[in-house]
Visitor: 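Just passing along the structure, written as structure tokens.
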Amino acid sequence: MARAQIEIDLSAIAANVRKVINETKVDVCAVVKADAYGHGLVSIAQVATDAGAKWLGVALLEEAITLRTHGLSIPIIAWLTPLTEDFDSALRHDIDLGVSSIALLEKVMAAGERTGITPRIHVEVDTGMTRGGVLNEWPVFLKKVSAATLSEKVELVGFFSHFARADEPQELANEMQLKKFTNLLSELKATGVTPKYLHLANSAAALSNPNATFDFVRLGIAMYGLSPDVKTMGSSKELGLIPAMTLRAKLHLVKQVPAGAAVGYGGSAITTVETKVGVVAMGYADGIPRNADNSTGVFFNGDRAAILGRVSMDQFVVDLGLNSKAITGDEVIVFGAGNVGEYTVDDWASASATINYEIVTRIASRVPRIYNR
Ligand SMILES: *Cc1c(COP(=O)(O)O)cnc(C)c1O
């Protein structure tokens with residue numbers, strides 16, 4: 001190992017996919033946007049497919065095309081394409097497109113006419129999140145999409161929406177979104193067209209709401225072995241998920257410092273006793289949150305060593321304790337599944353006032369990914 005590396009346990013990804021297929025009894029769309037939440041787009045897509053995922057979901061067209069050029073041939077949905085996107089290319093690569101506006105529908109249909117390829121679309125409706133999805137345009141959109149489907153200018157592959165609060169299963173908002181989803185679907189069906197696949201659930205809904213699973217679930221965070229929300233839904237372990245990502249780093253330097261030493265920029269931490277500090281060769285340029293507090297740190301040789309002072313761009317300092325056996329060049333675990341006592345992604349998230357999603361997706365591309373089976 002050089003300075004730092006991420007290790008991805010591919011068998012954990014496979015186990016998480018299989019678990020959700022077994023428990024929901026529906027198909028899984030493996031959500032691999034954002035470089036598979038930092039885990040590596042193509043490798044994760046491949047292992048998820050091998051484990052039984054029948055769909056791949058991404059935000060951007062370029063992510064979808066990368067999957068195709070690496071030989072992945074199952075259906076891929078891209079749901080965040082700007083109007084200026086190269087839709088001809090999307091159709092030539094057989095990418096399903098999420099459609100959430102009249103303008104986008106028209107662009108996609110124009111590409112269909114130019115290429116002679118019938119666009120495969122998934123209509124996205126806004127059922128209460130007020131982010132993506134058709135809302136005020138619905139009456140007009142409904143007529144247009146129905147006419148386009150009946151005249152075979154598009155293939156109506158899917159009908160979908162997204163939950164805002166699925167990680168709070170008790171919230172009435174979920175029930176209301178579900179109701180709105182089925183109501184809008186009825187309106188669509190009343191025009192004489194029926195989408196082949198309905199999909200609404202993200203990880204949180206897939207794990208908690210059997211009424212929302214429909215034809216497939218769009219599985220993101222849980223596939224990576226992380227809980228959608230530790231507080232409301234329980235930890236990875238409680239959910240039976242296996243975290244796939246371990247982050248290791250080298251101690252660039254270990255040295256003994258006296259009591260009263262001011263550590264890092266701003267001298268925000270001052271040692272209270274003589275101790276050994278370790279300089280970890282990673283910083284915020286690698287995705288280590290600058291605002292992480294000392295409730296997290298690294299794991300070395302059976303012990304946790306808390307962060308000391310502020311995280312810098314390429315390095316941060318930990319308190320190893322005076323009796324530590326660590327020496328310059330030793331390897332530490334920044335986070336892992338938590339099986340041996342190391343800090344977890346969730347520990348880092350709570351120490352940085354963020355969520356586990358952000359911790360894993362923000363790890364920079366300059367940190368190499370290593371894959372274990
Ligand atoms: C990211 C995303 C998902 C996956 O959400 P998780 O909470 O990670 O399971 C599902 N659907 C859409 C539309 C998304 O953008």
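When a ligand or atom number is given, it counts from 1 through the structure's own listing order. Keep in mind that the numbers below use all heavy atoms, side chains included, and drop hydrogens, waters and symmetry copies.
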Visitor: Any idea how His199 and Phe160 line up, ring-wise: parallel (<30°), tilted (30 to 60°), or perpendicular (>60°)?
Guide: parallel
Visitor: Heavy-atom distances under 4.0 Å decide this one: backbone, side chain, both or neither, for Arg218 against ligand 1?
Guide: both
Visitor: Below the 3.5 angstrom mark, is there an N/O of Gly220, backbone or side chain, next to an N/O of ligand 1?
Guide: yes
Visitor: Look only at interatomic distance and state if Val31 has a nitrogen or oxygen under 3.5 Å from any nitrogen or oxygen of ligand 1.
Guide: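 Val31 vs ligand 1: no N/O contact under 3.5 Å.
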Visitor: In terms of heavy-atom contacts, does NZ of Lys107 have more than 12 from other residues, nucleotides or ligands at under 6.0 Å?
Guide: no
Visitor: How close do Leu104 and Val99 get, counting heavy atoms only, and between which atoms?
Guide: CD2-CA, 3.9 Å
Visitor: How far is atom 2 (C) of ligand 1 from its nearest protein heavy atom, and which residue and atom name does that atom have?
Guide: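 Heavy-atom neighbour on the protein nearest atom 2 (C) of ligand 1: Lys33 NZ, 2.5 Å.
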Visitor: Could you check atom 7 (O) of ligand 1 against the protein and tell me its nearest heavy-atom contact, residue, atom and distance included?
Guide: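 Ranked first by proximity to atom 7 (O) of ligand 1 is Tyr357 OH, 2.6 Å.
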Visitor: Which ligand 1 atoms are under 4.0 Å away from a heavy-atom of Tyr37?
Guide: 1 (C), 4 (C), 5 (O), 6 (P), 8 (O)
Visitor: Please find the pair of heavy atoms, one from Phe300 and one from Glu331, that lie closest to each other, and give the distance.
Guide: CD1-O, 3.5 Å
Visitor: Flag the pair Phe159 / His122 as yes when their ring centroid distance falls below 6.0 Å, and as no otherwise.
Guide: no
Visitor: Asp347 and Thr344: side-chain donor and acceptor closer than 3.5 Å?
Guide: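 Yes, because at least one side-chain N or O of Asp347 sits under 3.5 Å from a partner of the opposite role on Thr344.
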Visitor: Counting heavy atoms only, name the option from His199, His162, Glu124, His122 that's nearest to atom 12 (C) of ligand 1.
Guide: His162
Visitor: When you measure from atom 9 (O) of ligand 1 to every protein heavy atom, which one gives the shortest distance, and what is it?
Guide: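 Of every protein heavy atom, Ser203 OG, 2.5 Å lies nearest to atom 9 (O) of ligand 1.
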